[in-house]
Amino acid sequence: MIELEPNLKIRKNIILIGFMGSGKTSVGEKLARARHYRFLDTDQILEEEFGCSIREYFEKKGEEEFRRQETNLMRWLSLSLRGSVLSTGGGLPLREENRSLLRETGVVIYLKASEETTIARLRGDTTRPLLAGEDLSEKVHRLLNERRPIYERAAHYTLETDKKSFYEIIKEIQTVVVF
Ligand code: S3P
């Protein structure tokens, strides 16, 4: 059997998926720091590439073009990402190709929050184009119901986050992923 250099064995990527406001970025940053991994966020990478915010990009080019850019980015990351924690935009797992790319790229963890928690966290947010305008609760209710089964299908592991501290969430991730 070929012996791998120990460091090579552990440079697995951890990928966080989930609805807007589920804590992907905050958990991802803390997890990366704890494991001395690099932290990346698909929304942040795309905003840098676009040279504008995601909200502005939606206004200028529309959602379909944004989704195309997400897939291009995932294709690139699936080839190049090593030893990183990647947090992803909430709509990224919706495309089937993206779900395959996510699972090829690392261990996919779905951060699942209840509808009430999600609504409370997103109230007053002005950065997410899909939630702009009236009736946040109705939008979150509809989108969550559509997306939950998709997130569950995309993930290797679903982690309930309600009433858990960052410390507890990170500890749980470390029990399911062998670093
Ligand atoms: C989206 C989620 C956002 C961002 C965009 C679309 C979605 O990311 O990619 O506004 O479709 O759920 P966050 O989940 O980081 O808010």
Side-chain angles (χ1 to χ4, degrees), residues 13-32 38-78 81 84-99 101-102 105-106 108-155 157-162 166 169-170 173:
N13 299 306
I14 312 296
I15 303 180
L16 303 178
I17 65 168
F19 200 75
M20 297 170 263
S22 60
K24 293 163 292 184
T25 305
S26 311
V27 170
E29 278 173 349
K30 290 180 174 58
L31 177 65
R38 192 166 157 215
F39 174 72
L40 292 169
D41 178 308
T42 59
D43 284 341
Q44 287 171 7
I45 298 171
L46 289 173
E47 286 189 329
E48 266 173 44
E49 262 182 47
F50 300 156
C52 68
S53 70
I54 286 175
R55 189 169 55 85
E56 286 163 337
Y57 194 82
F58 264 65
E59 278 162 23
K60 278 193 274 186
K61 307 266 182 163
E63 180 174 355
E64 206 33 51
E65 182 55 25
F66 174 74
R67 300 296 177 204
R68 226 174 53 75
Q69 297 297 340
E70 277 188 322
T71 299
N72 281 342
L73 174 60
M74 266 324 296
R75 287 182 186 150
W76 170 245
L77 291 174
S78 73
L81 203 67
S84 301
V85 176
L86 176 71
S87 128
T88 56
L92 194 140
L94 300 182
R95 282 192 173 190
E96 195 185 331
E97 178 180 353
N98 294 353
R99 291 197 290 278
L101 290 167
L102 287 168
T105 308
V108 182
I109 299 176
Y110 167 29
L111 297 185
K112 184 174 185 178
S114 69
E115 189 172 317
E116 300 70 50
T117 303
T118 303
I119 292 168
R121 286 196 191 142
L122 292 171
R123 202 165 288 293
D125 179 85
T126 54
T127 63
R128 278 130 171 147
L130 295 184
L131 303 177
E134 298 296 294
D135 217 346
L136 175 73
S137 308
E138 196 279 321
K139 284 185 184 122
V140 170
H141 177 76
R142 182 175 46 79
L143 286 173
L144 257 186
N145 281 331
E146 275 169 28
R147 291 180 176 190
R148 266 191 183 137
I150 299 174
Y151 293 141
E152 273 163 13
R153 201 159 356 115
Y157 185 77
T158 295
L159 196 157
E160 309 263 355
T161 59
D162 269 31
F166 284 127
I169 294 169
I170 287 165
I173 294 175

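Order of appearance sets the numbers: ligands from 1, and atoms from 1 within every ligand.
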**OP:** Specify whether Tyr151 and Phe19 have parallel, tilted or perpendicular ring planes, treating 30° as the upper limit for parallel and 60° as the lower limit for perpendicular.
**Re:** perpendicular
Original post:
So is Asp43 polar-close to ligand 1, meaning N/O to N/O under 3.5 Å?
Top reply: yes
Original post:
Nearest protein heavy atom to atom 11 (O) of ligand 1, by residue and atom, and its distance?
Top reply: Arg67 NH2, 2.7 Å
Subject >> Heavy atoms from other residues, nucleotides or ligands near CD of Glu96 exceed 12 (cutoff 6.0 Å) >> reply: no
Subject >> Subset of ligand 1 atoms that lie under 4.0 Å from at least one heavy atom of Phe66 >> reply: 9 (O)
Original post:
So between Arg147, Gln44, Glu70, whose heavy atom ends up nearest atom 12 (O) of ligand 1?
Top reply: Arg147
**OP:** Please say whether Thr127 places an N or O atom under 3.5 Å from an N or O atom belonging to ligand 1.
**Re:** no
Original post:
Looking at ligand 1, does any of its N/O atoms fall within less than 3.5 Å of an N/O of Gly18?
Top reply: no
**OP:** Look at Arg67 together with Glu63 and state whether they make a salt bridge at an N to O cut-off of under 4.0 Å.
**Re:** yes
**OP:** Enumerate the atoms of ligand 1 whose separation from the nearest heavy atom of Leu130 is less than 4.0 angstrom.
**Re:** 7 (C), 11 (O)
Subject >> For Ala113 against Asp162, the heavy-atom pair lying closest together >> reply: CA-OD1, 3.4 Å
Subject >> Gly91 neighbourhood, listing ligand 1 atoms whose heavy-atom distance to it stays under 4.0 Å >> reply: 1 (C), 7 (C), 11 (O), 12 (O)
Subject >> Contact with ligand 1 for Lys24, non-hydrogen, under 4.0 angstrom >> reply: yes
Original post:
Looking at atom 16 (O) of ligand 1, what's its closest protein heavy atom, distance included?
Top reply: Arg128 NE, 2.7 Å
**OP:** Give the minimum heavy-atom separation between Gly90 and Arg147, together with the two atoms involved.
**Re:** O-NH1, 3.3 Å
Subject >> Test of ring centre spacing under 6.0 Å for Tyr157 and Tyr110 >> reply: no
**OP:** Flag the pair Arg142 and Glu146 as a salt bridge only when some basic side-chain nitrogen lies within less than 4.0 angstrom of an acidic carboxylate oxygen.
**Re:** yes
Original post:
Considering only the protein, which heavy-atom contact is closest to atom 5 (C) of ligand 1, and what is its distance?
Top reply: Ile54 CG2, 3.9 Å
Original post:
For atom 10 (O) of ligand 1, what is the nearest protein heavy atom, given as residue, atom name and distance?
Top reply: Pro129 CD, 3.5 Å
Original post:
Of the non-hydrogen atoms in Glu70 and Leu92, which two are nearest, and what is the gap between them?
Top reply: OE1-CA, 3.7 Å
